[in-house]
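See below for the structure under consideration.
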Amino acid sequence: MSSLKSSSDLHDLGVAQLAAKLAAREVSSVEVTQHFLARIAQENLGAFLATNTDVSLAQAKAADARLAAGERTPLLGVPLAHKDVFVTRDFPTTAGSKILENYRSPFDATVVRNLGLEGAGMVALGKLNCDEFAMGSGNDNSAYKPVKNPWDLERIPGGSSGGSAAAVAARLVPAATGTDTGGSIRQPASLTGITGIKPTYGRCSRYGMVAFASSLDQAGPMARSALDCALLLSSMAGPDPDRDSTSLDLPVTDYATDLIASHAPSAGEKPLKGLRIGLPTQFFGAGCAPDVLAAVRGALAEYEKLGATLVDVSLPLTELSIPVYYVIAPAEASSNLSRFDGVRYGHRAAQYTDLNDMYKKSRSEGFGDEATRRIMIGTYVLSHGYYDAYYLKAQKIRRLIAQDFQTAFTQCDIIAGPVSPTVAWKIGEKSDDPVANYLADIYTLSSSLAGLPGMSVPAGFGAGGMPVGLQLIGNYFKEAQLLGAAHQFQLATDWHLRQPPSL
Ligand code: GLN
């Protein structure tokens, strides 16, 4: 309205800025919502799987009524969209799979409820495309359509939260939810030049998140800045004792206030003085592309200017995180996905001879190649005679990986390195090669196996002008420290404000 040049400015604003305009009543939630819905209607990235104008506008009207009544909660009236693995009453939920086509949940996931009108008051714009059951690194495993990277429409946006990342990067939404089992928030954030944080395992409730690998799955926010992520995480997180027994029994933190308050340095002092950043030698070896390493090293030099010191640390089992994760995650997936049987949920084959045939046909028709591959691998590693050799062995190494992090954290406060060994690759380049996809997860899997919080912060550009993210990994429950370190970096740099050239 008055202070805006035109409504086309709205999508350039981040969450904090939109919230401030809404609170000042310079713009209404209905106007903001209409603006983003109009952009979404034009999108050519394959980012959205479902929208519903009536639902979104009704939510925006309700938020406006609360604003008119004087309510001032930090996110009231700001729109967002959800990865399609969070179940929602108001939109279908597919988890990117044909087996859940047209599925409608009778309830909202806890994260959706916490952020929505029953909680923070955000407006849901729809559901975002993802790899089937969050299995993938390129968002080319969606059963519906691949997602394109707004920086180069011929490239993948990363996965599995690729729809969330592409939508935020293309300014179709100011923020989105994502999930990270082995890197699915951090890697697509890195490859699309946005900010994302995977909190400590258990920080956000998994209730209503379609389960992939339950000991690893964790929800988190994806937005343009650390400040915006802090605002969202403060509302998403929190204990959910009646519905998710693994949710952490810790009070909800106001990350945004913490971040602003605790990082206002006194005059003349460097803001990150005393922060020790550990660089694992295994993250900086020949496996990482030189263009990615150059951007990461540039970001680390900036951290030194901000007062941080860099120390070498070692995570000796980094390479084993790939085989360990690709035993444990499929094992848990094979168990979780057994509920899709053509009886209780989703797709049922039209023709079958008996019950077994019905299960077989429904599941064969409903699951895509990657989900099928993981069900088979998982069933194999859990089967009698192989359990000790694969699953149990993987669990033992998982423990050692977690211990290595604790050793490293005796020398440093935060661990840093690349998120992905390369920039985003071309769509189709790795589609026929599952192992090539698995190898691309090398820098994100170990912290997932350990249950540690991690984030991706835009750190520059590499080959083809594609974005590169810096990964920051913290010790358990140290989300505030990670967000603070990212926020200081973003006060000193503008990588997170760069826009894809096509916009
Ligand atoms: N790329 C990893 C996989 O395919 C991680 C996915 C995720 O974090 N959901 O399993």
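As the structure lists them, so they are numbered: ligands from 1, and atoms in each ligand from 1.
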Closest protein heavy atom (residue, atom, distance) for atom 2 (C) of ligand 1: Asp441 OD2, 3.2 Å
Between ligand 1 and Ser184, is the shortest N or O to N or O distance under 3.5 Å? yes
If the cut-off is 4.0 Å to any non-hydrogen atom of Ser160, which atoms of ligand 1 fall inside it? 9 (N)
Would you say Asp140's side chain and Ile156's backbone share a donor-acceptor pair under 3.5 angstrom? no
For a 4.5 angstrom cut-off between non-hydrogen side-chain atoms, does Tyr390 reach Tyr380? yes
If you measure every N or O of Asp180 against every N or O of ligand 1, does any of those distances drop under 3.5 Å? no
So do the side chains of Pro421 and Ile442 get within less than 4.5 Å of each other, counting heavy atoms only? yes
Between Glu43 and Lys145, is there a side-chain N and carboxylate O pair less than 4.0 Å apart? no
Kindly say whether Ala170 contributes a backbone atom to a donor-acceptor pair with the side chain of Arg39 at under 3.5 angstrom? yes
Looking only at distances, can you tell me whether any N or O atom of Lys83, backbone or side chain, sits closer than 3.5 Å to an N or O atom of ligand 1? no
Validation row: Arg339, Arg344 side chains within 4.5 angstrom (heavy atoms): yes
Backbone or side chain, does any N or O of Met135 fall under 3.5 Å from an N or O of ligand 1? no
Between OG on residue Ser448 and CG on residue Asp180, distance to nearest 0.5 Å: 5.0 Å
Check each of Arg224, Gln490, His496 against Thr195 using the side-chain hydrogen bond (donor to acceptor under 3.5 Å, both in side chains) test, and report the only one that passes. Gln490
Which residue and non-hydrogen atom of the protein lie closest to atom 5 (C) of ligand 1, and at what distance in Å? Tyr325 OH, 3.3 Å
Which atoms from ligand 1 have a heavy atom of Gly136 less than 4.0 Å away? 1 (N), 2 (C), 3 (C), 4 (O), 6 (C)
Region of Arg186 that comes within reach of ligand 1 [heavy atoms, distance under 4.0 Å]: neither
So which protein heavy atom does atom 3 (C) of ligand 1 come closest to, and at what separation? Tyr326 OH, 3.2 Å
Do any N/O atoms on Ala134 end up under 3.5 angstrom from N/O atoms on ligand 1? yes
For Arg374, state whether at least one heavy atom is located under 4.0 Å from any atom of ligand 1. yes
Heavy-atom contacts with Gly182 under 4.0 Å: which atoms of ligand 1 show up? List them by number with element. 5 (C), 7 (C), 8 (O)
Arg206/Asp244 under salt bridge (charged side-chain N to carboxylate O under 4.0 Å, His left out): CA gap, chis, key distance, verdict: CA-CA 6 Å; Arg206 288 183 294 109; Asp244 176 5; 3.5 Å; yes
